[in-house]
Every structure is written in C-alpha cells, then in structure tokens.
Amino acid sequence: MPPALRVRFAPSPTGYLHIGGARTALMNFLQARRQGGTFVLRMEDTDQGRSTPESVQAILDGLNWLGIDWDEGPGKEGPYAPYFQMQRLDTYRKHADQLIAEGKAYRCYCTKEDLDAQRQVAEKAGGAFKYPGTCRERTEPPAGRNAADAVIRFKMPAGDGSVSFTDKALGTITKTHSDLDDWVMMRADGIPVYNFGCVIDDHLMDITLVARGQEHVNSTFPQLMLYQALGWTPPDFAHLPLILGPDREKLSKRKHPEADVMVHKRNGVMPEALLNFVIRLGWSHGNDEVISREQMLEWFDFSDVGTTSGVWNPEKLLWLNQQWMKQLPVETVVERLLPFLEAKGIQAKGDPRLETLVRTLRERSNTLEDIATTAANVYFRSGITLDEKAATKHLSGESLNLLRKVRETLAALPEWSVEALDGVVKQVSEASSVGMGKVAQPIRVALTGNTTSPGIGETLVLVGRDESLLRIDAALTRG
RNA sequence: GUCCCCGUCGUCUAGAGGCCCAGGACGCUGGCCUUUCAAGCCGGUAACACGGGUUCGAAUCCCGUCGGGGACACCA
C-alpha cells in the first residue's frame, strides 16, 4: 500500500490570495479530501522585503472565505509544525552545513552588485547569465571577508549529465546539467531561498505529491538536484496549467485586478461560483457546468487535469454566479445580500420583503451587488428618480389616463397582494380595451423610474401600498 | 536570446486511431413564452494552427514549421 497522500499549498505572503493560488489550493484540497490524504498549508515567508503579517492574514481570509480548509498549517499545528519557514531557520542551516561539509555546496563571496553587472553584460550580448563558478573551488574567504558574509551555493555535479522527472500532468521532462548553474540556496543571514527551503520542507513534512503552477516546472530541476545531493527520494510532481488574463498573459497582481480573490467577494460574486469557475479552468467532468463543492469532492482527480493554460472569462463567471444565486436557498442569498445593502447605508435585517426581493431580483441579476443596487434604488427609499426617456414614452398622453384609472382602482383595493394587484392590471386593460402592457408599463415607470422590473404585482407589493400610491401621484403630477 | 511547456469554435472544454463532415457550456444571434427586463425552452453561428509522414483509416501516433505561454534573481 502506498503511503497516504500528503499535499500542500505553499504561498508566499506578499499580498492578497491570488486566484491562481486559490485554484492550486482548491485542487490540492480536493485531492486530499477525496482520497483521505492530508492537505498542508505552509507559509513561505522568507522574502523579508515583501512578506507581511497582513498578507498572511489576507491569504488565510481568502481560503476561509472559499471554504478551503487545511489539515495542518497556521492555526492547526500538527506533527510537522511550525508551518512558517521563518520559524524553521535552524533546520535549513543544519542541512546547508551538512551539504558544505560534504562538498555539495559552498560559500560564495561574490557581491550582488558584481553579479548584476555581469548579468547585464550577458543579457546585452543576447545570452542568459549563468553563475561562472568564481567561488566554487575557494577554500578560504577572500582577504577582509569571512564566512558570515557568504551566501551558500549549491554545487552542480561536474561533467555531462541530465535530470529528468515524470510529471503527473506533463509527462517526462528532461534538462541537461549544462542548462543549470550553481544556484543560491541560502543568503548570508541564514534565510533560505525558495528552491532550498521548499525542498527541505517538502521532504521533512513528508509531502508525497507537489502540485503547483506550471511556472514552477523549471525550478523543479535544481530542486531535484538537491534531493539527489541529500540522498532523498523526491515526491511526485504535477504542474498545473496557468490561468491567463484576457490579454493572454499570466494572471498577475500588477496587471489584472481579477487576480485578487477578494475583489470578487467585494463585487458580489459568491464563493460557490468562483470555485466553480476556477475548477473548470483546466478540468471538466462530462458536460457538467454548475458543479457544487460536494460534486467536486466526488469527481475531481489530478489525473483529469489538462495541460493547456486557460483564459479568464468574466461573462462565464457572472453566468455561474447567477446560476448559484438561483440555486442556493433564498434565506442563504438574503443572508449574503445583507452586507451589500449595509454598505449602501441600508439596515434591512428582518425586513419581511427580503425574501421576495431576492426571489424576484436574482432572476435578473448577476451579482449580489446588482441585487443590492436595484434594491437600494427602488425598494429602500422614498421617491424615485425617473428616467427621462422612460417617462416621456410611458408617462404622457393616454398613458397618464390609464395610470389615473389604475390609481383609483388601487386606492379602493381591499387587499394588497400580488394576485389582486395583477388583477387590477387585467381589469383596467380590459375595461379600456388596451393590451396589458399599455397599463403595466406606466405603473412600472412610475414605481421604479425605468422600464424594467419584476412582475408588476410583485413590484407593487415590494414597494408597498403607501409608497406606491405616492410614486404614482408624483408621476401623475409631474411637469 | 537560451531552456521548458502548450496548440480543438472568440472563450472554457469533450475527444485517449474508425462511434466525429467533431459533442457540451459561456458569449453572440433567430424564435417561443410574455405586462417590461430577465429567467426558461427551442434553433443558429463558430474550431481540430500549418506541412509532411505512419496507417485500410488520424483531431487522436511521429517529425518539422509556425504560433502562444512560462522560466531564466541573494522573488516565490
């Protein structure tokens, strides 16, 4: 029996939760849950210039909002704690020392400035820079320097050779040693660099499968060399397709606002929809489009993930969001709508109209924000702003006469219900021998200010008796 | 520039040699329904990048070309 699956998501806390990261996390999470494995969350916070506690929190918040739970990680200390790399410095030091002692790594005294200058020259010449191995055979520090100033470099084996691995998603990939160079494992201050910390932790945390974005395939090679040097068996690897922006470039924080998981929350997209959208990028299950978390748990498998990058498609996200707004229980949607109303200064909690409002508006809205906007403009204030075009067309001439008739009938109506109200429209239209539209549209415009709304009966109920009559009066007397 | 990966409708995808003159979804679009807008239902639009092979037969296998993306840091 193979060892139980252990997968991980290892973000660097240098900003909000990235949508690509969220999908990587989701897939790892699903796979772990599905086969009873463990999903580890590890913070790779070794970039001292950019890592912040706020970012740690932002990532945690994002994952929580999406409902992606980790089995081990921050707040869930397990047997492999700690889960912040900055708390594991001793471990890295120990392994670095060992590699130096074995002649598999060495101290390098070259300055960053020097190297950058060389890199520039190389680039200008049209080639890629490779560390020339200046300090590779050095045994003593240069004059005036000491070991504490040195970064530690991995020593690539001499001679020809190649590294390869069989990626679970991409198949076998090979790279020749000559394409690799002596990379920096650890900075002078003892803080590890990505390729080093990552390997040490993945191994020590008994990770059996590393599933990450395709941008990491090239870094797999130096990592593999390290596993080899340490005498460790590397985990399996699966490199997931990238998510591209509308410009077909990798979704980046700088260029693409949609890369931030939380902007979608703020826009009124629900986690069900975002998860649903994102899981379908690079993965599918038959002809299923609206896929619940439970179904993902049942169906998702890494072996079905594709190899081609997917382009972000905002229309489909919106469509899915509406599907989910319609599919979730009304009470749930009401609950989620509340904060959006609140943001508009509306305290609607407990308002008896909320459920009807959601039931009618979710049929014609793409986001919670859309619903809130309509609600705020039409149902939670007194008076209405008339759209000029709509008013000109529907609140003039004969239309006003019809509206006056409606007003009279309405005022005398004993019961303010959808059925009764719709009955009024029918009654007036028959009495006046005009189509129902002729009667309904003027009411609609008087009530909402424009030509679109749910059914006229429902709209009247939502606006309420007194306010409806007031708005109709205002329409009748306008100008 | 070098290395790596990828290449089916505009977009997300199904397709693991004959079931495919290529299926589904979003979008766009025609119609139905209808008191508006939606929603829903029915229909339409539109793709195997190109060129060589292999094979009785290729979207599916091989090679090349072209195209796209990614990586080339003391970032992750």
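Keep in mind the model is a prediction, meaning the values are calculated, not measured. Below, each value reflects all heavy atoms present in this structure, side chains not excepted, and no hydrogens, waters or symmetry copies. In the text below, chain A, chain B and the rest are named by the order of the sequence lines, each starting its count at 1.
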query = Heavy atoms under 4.0 Å, any strand shown: does A:Asp189 hit a base, just sugar-phosphate, or nothing?
reply = nothing
query = What does A:Gly455 touch in the nucleic acid at a heavy-atom separation under 4.0 angstrom: a base, only the sugar-phosphate, or nothing?
reply = base
Whole-Å C1' distance, B:U2 and B:A58 = 34 Å
request  = Hey, could you give me each pair passing salt bridge (Lys or Arg N to Asp or Glu O under 4.0 Å) that has a residue in residues 397-410 of chain A? Not counting sequence neighbours.
outcome  = A:Arg407-A:Asp473
task = Give A:Val217 one of three labels, base, sugar-phosphate or nothing, depending on what nucleic acid heavy atoms sit under 4.0 Å from its own.
result = sugar-phosphate
Nearest to side-chain heavy atoms of A:Arg280, which nucleotide of B:U13, B:A71, B:G40 = B:U13
N-O pairing of A:Lys175 and A:Asp179 below 4.0 Å = no
query = Looking for any heavy atom pair under 4.0 Å, which part of the strands does A:Ile456 touch: base, sugar-phosphate only, or nothing?
reply = base
query = When you check the side-chain N and O atoms of A:Asp47 and A:Tyr194, is any donor under 3.5 Å from an acceptor?
reply = no
Pair A:Asp97 + A:Lys94: basic N to acidic O under 4.0 Å = no
query = Which nucleotide in the list B:A71, B:G23, B:U36 gets nearest to the side chain of A:Lys250?
reply = B:A71
task = Name the residue closer to the 5' end of RNA chain B, choosing between A:Leu170 and A:Asp149 according to the nucleotide with the nearest heavy atom.
result = A:Leu170
ask   = Taking the side chain of A:Arg364 as its heavy atoms from C-beta onward, which of B:C37, B:C74, B:A76 lies nearest to it?
value = B:C37
task = With a 4.0 Å heavy-atom cut-off, tell me which residues in residues 46-58 of chain A come close to RNA chain B, sorted by residue number.
result = A:Thr46, A:Asp47, A:Arg50
request  = For the side chain of A:Ser284, starting at C-beta, report the closest nucleotide among B:A76, B:A14, B:G24.
outcome  = B:A14
inquiry  = Do A:Thr220 and A:Ile173 have side chains that approach each other closer than 4.5 Å (heavy atoms only, starting at C-beta)?
reply    = no
query = Charged N to carboxylate O under 4.0 angstrom, A:Arg8 versus A:Asp201?
reply = no
What's touching nucleotides 61-68 of chain B from the protein side, N or O pairs under 3.5 Å?
none

Ion pair check, A:Glu44 and A:Arg42, cut-off under 4.0 Å = yes
task = Any strand is fair game: report the nucleotide pairing with B:C72 by Watson-Crick or G-U wobble, both distances under 3.5 Å, or none.
result = B:G1
key: Upstream residue (5' side of RNA chain B) when A:Gly286 and A:Asp247 are each assigned their closest nucleotide   = A:Gly286
task = For the residue pair A:His285 and A:Asp288, confirm or rule out a side-chain donor-acceptor distance under 3.5 Å.
result = yes
message = With a 4.0 Å limit, can you tell me whether A:Lys326 has a side-chain N or O closer than that to the phosphate oxygens OP1/OP2 of B:A38?
response = no
task = May I ask you to say whether A:Asp90 pairs ionically with A:Arg93, meaning some side-chain N is under 4.0 Å from a carboxylate O?
result = no
message = Both distances below 3.5 Å, Watson-Crick or wobble geometry, any strand: find the nucleotide opposite B:C32.
response = B:G40
inquiry  = Considering every strand and a 4.0 Å limit on heavy-atom distances, what is the contact class for A:Thr14: base, sugar-phosphate, or nothing?
reply    = nothing
request  = Among B:G69, B:A73, B:U35, find the nucleotide with the atom closest to the side chain of A:Leu242.
outcome  = B:G69
task = Find the partner of B:A59: check Watson-Crick (N1-N3 plus N6-O4 or O6-N4) and G-U wobble (N1-O2, O6-N3) distances, both under 3.5 Å, and reply none if neither fits.
result = none
ask   = Is any side-chain heavy atom of A:Gln57 less than 4.5 Å from a side-chain heavy atom of A:Pro13?
value = no
message = Return the pairing partner of B:C19 with a 3.5 Å limit on both distances, Watson-Crick or G-U wobble; otherwise return none.
response = none
inquiry  = B:U35, OP1 or OP2 - any side-chain N/O from A:Gln427 closer than 4.0 Å?
reply    = no
ask   = So what's B:C66 paired with, Watson-Crick or G-U wobble, going by both distances under 3.5 Å?
value = B:G7
ask   = From the list B:G70, B:A76, B:G23, which nucleotide is the closest neighbour of the side chain of A:Asn218?
value = B:G70
task = Assign A:His216 to base, sugar-phosphate, or nothing according to its heavy-atom contacts below 4.0 angstrom with the strands shown.
result = base
query = Listed by chain and number, what are the ring-ring contact (aromatic ring centres under 6.0 Å, His included) partners of A:Trp70, not counting sequence neighbours?
reply = none
ask   = Using a cut-off of 4.0 Å on non-hydrogen atoms, how would the nucleic acid contact of A:Ser12 be classed: base, sugar-phosphate, or nothing?
value = sugar-phosphate
query = Can you list, by residue number, the residues of residues 304-322 of chain A that have a non-hydrogen atom closer than 4.0 angstrom to RNA chain B?
reply = A:Thr307, A:Thr308, A:Ser309, A:Gly310, A:Val311, A:Asn313, A:Glu315, A:Lys316, A:Trp319, A:Gln322
Selection from B:G24, B:A73, B:C4 that lies nearest to any side-chain heavy atom of A:Ile173 = B:C4
query = Should the pair A:Lys255-A:Glu249 be classified as a salt bridge under the 4.0 Å nitrogen-to-oxygen rule?
reply = yes
task = Establish whether the base of B:G24 is bridged to the side chain of A:Glu289 by a donor-acceptor pair shorter than 3.5 Å.
result = yes
ask   = Which listed nucleotide (B:C74, B:A71, B:C12) is nearest to the side chain of A:Val193?
value = B:C74
request  = Using a strict cut-off of less than 4.0 Å between a Lys/Arg side-chain nitrogen and an Asp/Glu carboxylate oxygen, indicate whether A:Glu355 and A:Arg359 qualify as a salt bridge.
outcome  = no
Give every donor-acceptor pair under 3.5 Å between a side-chain atom in residues 306-319 of chain A and any protein atom, sequence neighbours left out.
from	atom 1	to	atom 2	distance (Å)
A:Asn313	OD1	A:Glu315	N	3.3
A:Asn313	OD1	A:Lys316	N	3.3
A:Lys316	NZ	A:Glu289	OE1	3.0

request  = Just call it for A:Pro241: base, sugar-phosphate, or nothing, with non-hydrogen atoms closer than 4.0 Å on any strand.
outcome  = nothing
